[in-house]
Amino acid sequence: MTNKFHLAYFLTDSHAQAWGTAWGGNIGRDWALPDLYVAAARELERACFDYVLIEDNVFVADAYGGSMDVYLRNGLSVPRRDPLMVAPYMLQATRHIGIVPTISTFAYHPYQLARLVGSLDQLSQGRAGWNVVTGSSQRALQNFGHSGMEEHDKRYDIADEFVAAANALWDSWDVDAVVADRRGGVLVDPAKVRVPDYKGEHYSTRGPLNSGPSPQGRPVMAQAGSSGRGRVFAARHADTIVVKAKTLDYARQYRKEVRELAASEGRDPDSIKLLLMIAPIIGATREEAELKRQKRDADDLAAAELTLAKVSKIVDIDFSRFPLDEPLDPTGLKTEGTRSVLADFIARNAGRTLRQAGAIALAYNPDNTNLAGTAEDVAAEMVEIMQHVGGDGFLITGQTTRHFLAEVADGLVPALQDRGVVRDRYRAGMLRENLMEF
Ligand SMILES: Cc1cc2nc3c(=O)[nH]c(=O)nc-3n(C[C@H](O)[C@H](O)[C@H](O)COP(=O)(O)O)c2cc1C
């Protein structure tokens, strides 16, 4: 008997990039409108997903070839709307699904963030979260007037404090502080509101929040720390951790480790749901799925340079400096950006040319899976993967078109529901309750 597992969706910037593809619709014209975000939220709620994680970063890259051109021409993470602005549209159009915008800590003060995400939690009756990222690009830092980026582990130390300050603010109100006692003429019970007066090395905030209590107490926190320090950060704070795993053994080991880390931080490991990122290919038949897979591989090879430009942006290394059709020499490659992506990139591509490496650089499926087939095939494989990894679910991603959303909501999810392994209706009200349901 397989335990139930959770489903979430990673809404990446591929939505703007879909403009030139077969099912890209009118996104080249409609990219600024909220419609596709709203459609995604509705479709994924129909499929009873726990949440949608909205990707973000706050800069136009020029890491590849020292120029913005490749990024602008091809719509690589630009133009993109602020997830905190998109989230209310998605929440307004739905009743159950959680919406988790990515928020860079360096771009906010904890008070401002606690107020924004707390307000979102109130307006959605407890369906808001935040995906905490600490920033990995000089360009993003420069947009906020900072001259340089702190060293990798130090960024997590600072983010620890950021989270502590935000939590202190959310905790400054009891959830039931608004008593609305007509007879006594009391709206808010002053005994249920405190001044946290948080003082840290990097952040201080007096509080309390003036926005009032959040329905979930603290909104749900998502994280994706992969490095040693990142794992500690995630295990310490996150309600849900998203992981990109090179292999299934890696995913199983990662889960075991963050659960142990959580326990050593005094947390119940079952209070953290770890979701494995996958990008399934779903066809009406196996033949169709195989054709789609071949096309994706061919497209990826043709777009290898674009993918390298994306990796350059993530790791802050200019790959245009290296010959495309020779094996990459990893000696001396170092990053203050996203270390795990660089390590994975190097490990995955031993012996491959840079072009070949680029073609598969952002492959989301673990190497030892074949997540291409009919909905039944993919569902069966997902069940096997969960048995191997141990839990707690999947973060599904792909090129976000209405076509792909329908493949997921009308094909894959019903096949999983038939197997009794995912939710077929929402039972709880708030996002954390849904995450804790099984
Ligand atoms: C599924 C997933 C989604 C992520 N989304 C974002 C994002 O939207 N913005 C961002 O700057 N980083 C994002 N990251 C990167 C992580 O925040 C983190 O930097 C990365 O996992 C590396 O962690 P490390 O620095 O501890 O190695 C994401 C990572 C994963 C696996």
Side-chain angles (χ1 to χ4, degrees), residues 7-15 51-59 61 63 76-78 80-84 86-87 99-108 129-141 143 149-160 162-163 221-238 240-246 250-251 254-255 257-258 261 273-279 310-311 313-316 334-347 361-366 393-398 400:
L7 295 176
Y9 189 81
F10 188 34
L11 184 59
T12 69
D13 64 338
S14 68
H15 127 247
Y51 64 85
V52 179
L53 186 99
I54 313 174
E55 183 190 45
D56 195 31
N57 42 52
V58 284
F59 64 106
L76 302 181
S77 308
V78 55
R80 85 186 318 161
R81 269 125 310 284
D82 193 303
L84 269 169
V86 174
I99 303 295
V100 181
T102 294
I103 305 178
S104 307
T105 49
F106 63 85
Y108 288 86
W130 58 314
N131 175 33
V132 185
V133 301
T134 62
S136 53
S137 161
Q138 297 282 3
R139 287 284 176 265
L141 269 292
N143 287 343
M149 193 162 58
E150 297 283 355
E151 179 275 325
H152 179 274
D153 288 6
K154 179 84 192 291
R155 294 205 297 274
Y156 279 115
D157 296 342
I158 298 172
D160 267 336
F162 189 107
V163 175
M221 181 175 150
Q223 227 281 320
S226 287
S227 58
R229 182 63 183 88
R231 288 177 199 204
V232 171
F233 179 79
R236 196 170 276 167
H237 305 293
T240 176
I241 299 179
V242 289
V243 58
K244 181 182 162 191
K246 186 172 140 45
Y250 173 97
Y254 181 100
R255 180 169 184 269
E257 192 188 313
V258 289
L261 282 169
K273 302 301 173 189
L274 183 123
L275 307 188
L276 175 64
M277 181 151 65
I278 55 167
K310 279 196 211 173
V311 180
K313 171 173 167 274
I314 296 170
V315 300
D316 242 347
K334 258 188 66 189
T335 182
E336 281 301 325
T338 307
R339 280 186 191 164
S340 51
V341 172
L342 181 64
D344 183 47
F345 184 72
I346 291 170
L362 293 180
Y364 291 131
N365 294 330
F394 294 93
L395 182 73
I396 295 180
T397 194
T400 304

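One is the number of the first residue; the rest follow in order along the sequence. Just follow the structure's listing: the first ligand is 1, and inside any ligand the first atom is 1.
- Proximity of a side-chain donor or acceptor of Ser104 to a complementary backbone N or O of Phe106 within less than 3.5 Å is not detected.
- Salt-bridge annotation for Arg229 and Asp157: present, with a side-chain N of the basic residue lying under 4.0 Å from a carboxylate O of the acidic one.
- For ligand 1, the atoms sitting less than 4.0 Å from at least one non-hydrogen atom of Gly230 are 26 (O), numbered in the order shown with element in parentheses.
- By the 4.5 Å heavy-atom criterion applied to side chains, Trp130 and Val163 are counted as neighbours.
- Neither the backbone nor the side chain of Arg229 comes within contact range of ligand 1; no heavy atom lies under 4.0 Å.
- The shortest N or O to N or O distance between Gln223 and ligand 1 is not under 3.5 Å.
- Side-chain contact annotation: Thr240 with Tyr51, donor-acceptor N/O pair under 3.5 Å present.
- Considering backbone and side-chain atoms together, Ser226 places an N or O closer than 3.5 Å to an N or O of ligand 1.
- A donor-acceptor pair under 3.5 Å links the side-chain atoms of Asn143 to the main chain of Val58, judged by distance alone.
- When non-hydrogen atoms are compared, ligand 1 lies under 4.0 Å from neither the backbone nor the side chain of Phe233.
- At least one heavy atom of Tyr156 sits closer than 4.0 Å to an atom of ligand 1.
- The contact set between ligand 1 and Ser227, taken as ligand atoms under 4.0 Å from a residue heavy atom, comprises 24 (P), 26 (O), 27 (O).
- Here the closest non-hydrogen pair linking Gly135 and Arg155 is O-NE, 2.8 Å.
- Across every non-hydrogen atom of Tyr156 and Gly230, the tightest pair is CZ-CA, 3.4 Å.
- Atom numbering of ligand 1 starts at 1 in the shown order; those under 4.0 Å from a heavy atom of Leu395 are 1 (C).
- Every residue meeting the ring-ring contact (aromatic ring centres under 6.0 Å, His included) condition with Phe394, not counting sequence neighbours, appears here in chain and number order: Phe5.
- Close approach of ligand 1 to Thr102 (heavy-atom distance below 4.0 Å) involves ligand atoms 7 (C), 8 (O), 9 (N).
- Here the side chains of Ile99 and Ile54 are in contact, with some heavy-atom distance below 4.5 Å.
- Below 4.0 Å from some heavy atom of Glu55 lie the following atoms of ligand 1, by number and element: 7 (C), 8 (O).
- Close N/O approach between Lys244 and ligand 1 is not found [any backbone or side-chain N/O within under 3.5 Å].
- Each of the atoms 1 (C) of ligand 1 lies under 4.0 Å from some heavy atom of Met277.
- Checking Ala343, Ala224, Ala234 against atom 30 (C) of ligand 1, the nearest heavy atom belongs to Ala224.
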